[in-house]
Number of protein chains: 2
Amino acid sequence: MSDIDDFDLQDFLPYLLNQAAEASSLAFHQIYRERYGMLRTEWRVLFHLGRYGDMTASDIATRAKMHKTKISRAVSALEDRRFLTRSRRAEDRRQEMLSLTAAGRVAYQDLRGEAQRYNAEMTQALGVTDARMLQAVLRRLGGIG
Amino acid sequence: MSDIDDFDLQDFLPYLLNQAAEASSLAFHQIYRERYGMLRTEWRVLFHLGRYGDMTASDIATRAKMHKTKISRAVSALEDRRFLTRSRRAEDRRQEMLSLTAAGRVAYQDLRGEAQRYNAEMTQALGVTDARMLQAVLRRLGGIG
DNA sequence: CCTTGTTAGTTACAAAATCAACCATTACAA
DNA sequence: TTGTAATGGTTGATTTTGTAACTAACAAGG
C-alpha cells in the first residue's frame, strides 16, 4: 500500500457505537433474560406499554422503530406468559389494543427500577457531565430528539 | 401506578446507544452488502487484515472481540469469494495465517475509503467538537481505549 | 512413550432475525 | 357497489447468530 494508512477502526463511529452498545446492553440483558425469560424485543414492548400506556402493535412499531414481525412475535410471547392481553378495537377491527396484566405491570416496575439503577451506575462511571453530553448526542444520532 | 413515572426510554443509555448504533450502521451496511455481498462480520475481518496485516483467526478474535465461530464463518465466506487465502503455520500446525488476495486488498481499499468518507460526514453533521467527545466516551464504554 | 490438559479452528443443532407472501379489514374512487 | 389499493397483523421460508460438542495439534509431567 502506497498511501499512509492511518484510519483505524477505533476512529470509525459506527464501529465504536456498536461496540459500546453491545457492551452496555450485556449486563442488563442478563437481568430480563434470567428473571423473566425475556428477549430484547419483549422487554422493549413491555417497557412501551408500561411507560406510555395501552397502544397497538403499530404504535409501538412507530415509536420504537421496530419491524412489525418482531413486535408480532414479542406480543405473542408476552401474551403466552400472561404479561399482556389483546382486544380488537371496535372502531377498526384490524387493530388490537395491547394492555399489560397485573403481572406485566409488576415485571415492568421491577425492570424499570433495574434500568434506572443501571443507568445511574453508568452515568456515575462516565461522570455526570459526559453522560449528559453523550445522551444529547445519541438522541441526535438516533433521530430521536 | 402511584409513583411519578419519569424515567423514559430516551434517558436509558443502552437503548440510546443501540438506536444510534443501528441508525449509523445502516447506510454503510448497504455499501459493503450491495457492492461485495458482505456481512458485517466479513467486513470486519476484511478490515482487520487490510489494516493490520496478515494474522490468524484468533488474533482477529482478540482484537475485535468477536466469537471464534463468527470469524470461522466469515473467513470461509471471504475465502469462497477469493478475498483471502489461508496457510497453515509450520511453527504450529493448528493455526492458519490469513492473507488478503489482490481482490481482497482492492475491496479493502475501496471500503476503507467509503468508511472514511462516511465518518467525515458524520463528524461534520455532529460538529467536530461533539464528534471527538463522542469518540472518546465511546472508547471508554466499549472498553477499548 | 503415555496420559492429561490446552489451544486453534470447525461443525451440528437450536434460537433468533429477516424477508416475502399472506388474510382480514378498511378506505376510497369509479 | 364494486374494484383497487392501503393498513394491521400473522405466518412460513430463509439467513444469521449463538451454544456446545467436536477434531487436530501441541505441551508438559510422569
Side-chain angles (χ1 to χ4, degrees), chain A residues 18-19 21-23 25-27 29-30 32-34 36-46 48-49 54-81 84-99, chain B residues 18-19 21-23 25-27 29-30 32-34 36-46 48-49 54-81 84-99:
Chain A
N18 273 292
Q19 295 289 113
E22 208 168 302
S25 296
L26 196 64
H29 186 257
Q30 307 295 62
Y32 55 72
R33 163 170 226 175
E34 280 163 21
Y36 298 101
M38 279 186 201
L39 260 28
R40 186 155 62 195
T41 50
E42 292 160 28
W43 143 249
R44 282 195 187 167
V45 166
L46 183 89
H48 275 266
L49 293 172
D54 297 0
M55 59 177 89
T56 68
S58 36
D59 291 336
I60 299 177
T62 307
R63 272 183 180 272
K65 297 208 205 107
M66 282 167 63
H67 193 72
K68 59 183 184 170
T69 62
K70 267 195 200 175
I71 295 180
S72 173
R73 286 173 167 131
V75 166
S76 297
L78 290 170
E79 189 187 30
D80 290 348
R81 297 203 186 95
L84 61 76
T85 57
R86 346 183 179 203
S87 57
R88 290 222 163 271
R89 295 193 59 207
E91 299 93 319
D92 183 339
R93 301 183 27 71
R94 287 170 302 185
Q95 301 181 328
E96 41 193 22
M97 199 50 107
L98 307 170
S99 329
Chain B
N18 272 291
Q19 294 290 112
E22 207 168 303
S25 296
L26 195 64
H29 185 258
Q30 307 294 60
Y32 55 73
R33 163 170 227 177
E34 281 164 20
Y36 299 101
M38 280 185 201
L39 260 27
R40 187 155 61 197
T41 49
E42 293 160 26
W43 144 248
R44 282 195 188 167
V45 167
L46 183 89
H48 275 265
L49 293 173
D54 296 1
M55 59 178 89
T56 70
S58 36
D59 292 336
I60 299 177
T62 308
R63 273 182 179 272
K65 295 206 206 106
M66 282 167 64
H67 193 73
K68 60 181 182 171
T69 62
K70 265 196 199 173
I71 295 178
S72 173
R73 292 194 253 243
V75 166
S76 297
L78 289 170
E79 190 187 30
D80 289 349
R81 297 205 185 92
L84 61 76
T85 57
R86 346 183 179 204
S87 57
R88 290 220 164 271
R89 294 192 60 208
E91 300 93 318
D92 184 341
R93 301 184 25 72
R94 290 170 301 184
Q95 303 181 328
E96 39 193 24
M97 199 50 108
L98 306 170
S99 331

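Remember, predicted model here, so these are calculated numbers, not experimental data.
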- Item | Most 5' of A:Leu39 and B:Ser58 on DNA chain C, judged by nearest nucleotide | B:Ser58

- Which nucleotide of DNA chain C is the first, and which the last, in the 5' to 3' direction, to come under 4.0 Å of a heavy atom belonging to chain A? C:dA16 to C:dT26

- Item | Counterpart residues, salt bridge (charged side-chain N to carboxylate O under 4.0 Å, His left out), relative to B:Arg94 (two or more places apart) | B:Asp92

Listed by chain and number, what are the side chain to side chain donor-acceptor pair (under 3.5 Å) partners of [X], not counting sequence neighbours?
X: A:Glu91; result: A:Arg89
X: A:Ser76; result: A:Arg86
X: A:Thr85; result: none
X: B:Thr62; result: none

- What does A:Arg88 touch in the nucleic acid at a heavy-atom separation under 4.0 angstrom: a base, only the sugar-phosphate, or nothing? nothing

- Task: Using a heavy-atom cut-off of under 4.0 Å over every strand shown, decide if B:Arg40 touches base, sugar-phosphate, or nothing.
- Result: nothing

- Partners of B:Ser25 by side-chain contact (heavy atoms from CB on, under 4.5 Å), sequence neighbours excluded? A:Pro14, A:Asn18, B:Arg40

- Query: Of all residues at least two apart in sequence or in a different chain, which pass the side-chain contact (heavy atoms from CB on, under 4.5 Å) check with A:Ala77?
  - Reply: A:Glu42, A:Arg81

- Message: Take a 6.0 Å sphere around CZ of A:Arg88 and say whether it holds more than 12 heavy atoms from other residues, nucleotides or ligands.
- Response: yes

- Whole Å only: how far is the CD1 atom of B:Ile71 from the C1' atom of D:dT16? 16 Å

- Along nucleotides 18-28 of chain D, 5' to 3', which nucleotides get a B, which get an S, and which get a -, given that the test is a protein heavy-atom distance under 4.0 Å? BBB---BBS--

- Taking OP1 and OP2 of D:dG8, is either one under 4.0 Å from a side-chain nitrogen or oxygen of A:Arg86? no

